[in-house]
Amino acid sequence: MKQKACIDELAIFGFAPTFEEVLHVGRPNIPDPQRVADRVYDLLNRRWLTNNGPLVKEFEQQVAHRIGCRHCIAMCNGTIALEIAIRGLGLTGEVIVPSFTFVATVHALQWQEITPVFCEVDPQTHTLNPDHVETLITERTTGIIGVHTWGSPCAVERLAAIADAHRLVLLYDAAHAFGCLYRGESIGNFGDAEVFSFHATKVLNTFEGGAVVTNDDDLAHRVRLMKNFGFAGRDMVIHLGSNGKMNEASAAMGLESLGELDRFIRVNRRNLAQYRTGLAGIEGLTLFERDDASSNCHYMVVEVDPSRCALSRDDLMVVLHAEGVLARRYFYPGSHRMEPYVSKYPGVHLPLTEALTDRVMVLPTGTAVSEVEISAICHLVRLACQHGETIAQQLRFLKGD
Ligand SMILES: *Cc1c(COP(=O)(O)O)cnc(C)c1O
């Protein structure tokens, strides 16, 4: 890898890309491979592969302990965990949900024929806007799902007050927020329940996985039944259920990842500090930041302001992709503008969300990206933004207009 001295050397002008091997957003954090392999070797010898095995039990205990909550029910992925939490909490009718989220949050409702009512997010926090939530409540509303986007906590006090006043269920999609705190308290303790994802791209992964965490004993009991076909014992089914079980190999990965989580988060914080310095003072480009001592800092999010930056977000992405930096738009164009929602619920217009989906760009971070690589990425972004007009011209030329 060689840093480019001037814009003529950029890949969009025909030069070799900065990175021969492309840099992805969301490359997994991998704990010590030998220790994971040893655990897998043991579980194979035990011949206990799934169905509430010893590793899953240990993983659930350790997660609950780390979060400081009463119950953790581990699952095969975050989406099934959301679906089971939604059903376990008795949601029906209409549920208020942000459009600015990974579409799984919305699918988990629609999958069980619950109407998602799309809500705006606050452009400062990228989470559910409580004022807008209040305007969307009808007689059919049974709950609210908040998403702690990028690990940025929702307005948990306001949302709890609204849910209380209207007797609504409050569920959080905490897929991004494992290891995050709000005023010193771990995410996982808010609302009626919270759902984590342990997908490969998340800060802590179990290959695929997820969990429902809650301090409600009755809900925990129901969710436990529901993730195992409703079985209360051998031959005894007492509840509607599905198959949401986590397997032992996933739990092995999860246990080793938990042991290294603080290291993963330290690396993310160091990366964020480096990006902050490296991207400082670029006109129209801002880092999305909340209190990073309370965040897992797992998403390196920048906002490109189209009225101030010399390049649009999408043009900047073309430049970066050509260099082998696979920066990504997130939640674009917003769930309400995706199928089946755009056809099922036409006419939904969310100006704040739509503007945000045009500004947000996520850059590579995590343990898979090095200090030298981040420095080269920052250099490229700066170079591109400093010569916005020349670059926009070249991109028009390449497109043939
Ligand atoms: C990843 C993610 C999910 C889904 O989790 P899976 O484990 O991939 O099923 C749900 N919501 C959000 C916000 C996510 O980022």
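Counting convention: from 1, in listed order, for ligands and their atoms alike. Please read these numbers as outputs of a predicted model, since none were measured by experiment. Side chains are part of it too, since the values below use all heavy atoms of this structure and drop only hydrogens, waters and symmetry mates.
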Would A108 count as a contact of ligand 1 if the rule is a heavy atom under 4.0 Å away?
no
Could you tell me whether E83 and K227 have a side-chain N and a carboxylate O separated by less than 4.0 Å?
no
Among all protein heavy atoms in this structure, tell me which lies nearest to atom 5 (O) of ligand 1, with the distance rounded to 0.1 Å.
S197 OG, 3.3 Å
With atoms numbered from 1 as shown, which atoms in ligand 1 lie under 4.0 angstrom from a non-hydrogen atom of T105?
11 (N)
So, using side chain to side chain contact (heavy atoms under 4.5 Å, CB included) as the criterion, who are the partners of P54 when residues are at least two apart?
R46, W48, E248
T101 neighbourhood, listing ligand 1 atoms whose heavy-atom distance to it stays under 4.0 Å:
13 (C)
Charged N to carboxylate O below 4.0 Å: is that the case for E303 and R359?
yes
Report yes or no: does K202 have a heavy atom closer than 4.0 Å to ligand 1?
yes
Which protein non-hydrogen atom lies closest to atom 15 (O) of ligand 1, naming both residue and atom, and how far is it?
H176 NE2, 2.9 Å
I'd like to know if D32 and R263 make a salt bridge, using a cut-off of under 4.0 Å between side-chain N and carboxylate O.
no
Tell me, please, whether F331 has R329 positioned over its six-membered ring: NZ or CZ under 6.0 Å from the ring centre and within 45 degrees of its axis?
no
Note: E60-K57 ion pair, threshold 4.0 Å (strictly below):
no
Under-4.0 Å salt bridge between E323 and K4:
yes
Can you name the atoms of ligand 1, numbered from 1 with element, that are less than 4.0 Å from a heavy atom of G209?
7 (O)
Among protein heavy atoms, which lies nearest atom 3 (C) of ligand 1, and at what distance?
F102 CD2, 3.7 Å
For H107, enumerate each residue passing the ring pair (Phe, Tyr, Trp, His ring centres under 6.0 Å) test, keeping only those at least two apart in sequence or located in another chain.
Y341
In the protein, which heavy atom is nearest to atom 4 (C) of ligand 1, and how far is it?
T79 OG1, 3.6 Å
Would you mind running through ligand 1 and noting each atom that sits below 4.0 Å from a heavy atom of H199?
7 (O), 8 (O)
Pairing of E134 and R158 as salt bridge, 4.0 angstrom limit
yes
Nearest non-hydrogen protein atom to atom 11 (N) of ligand 1, with distance, is D173 OD2, 2.7 Å
I want to know if ligand 1 touches G78 in the polar sense, i.e. an N/O pair below 3.5 angstrom.
yes
For atom 12 (C) of ligand 1, what is the nearest protein heavy atom, given as residue, atom name and distance?
A175 CB, 3.4 Å
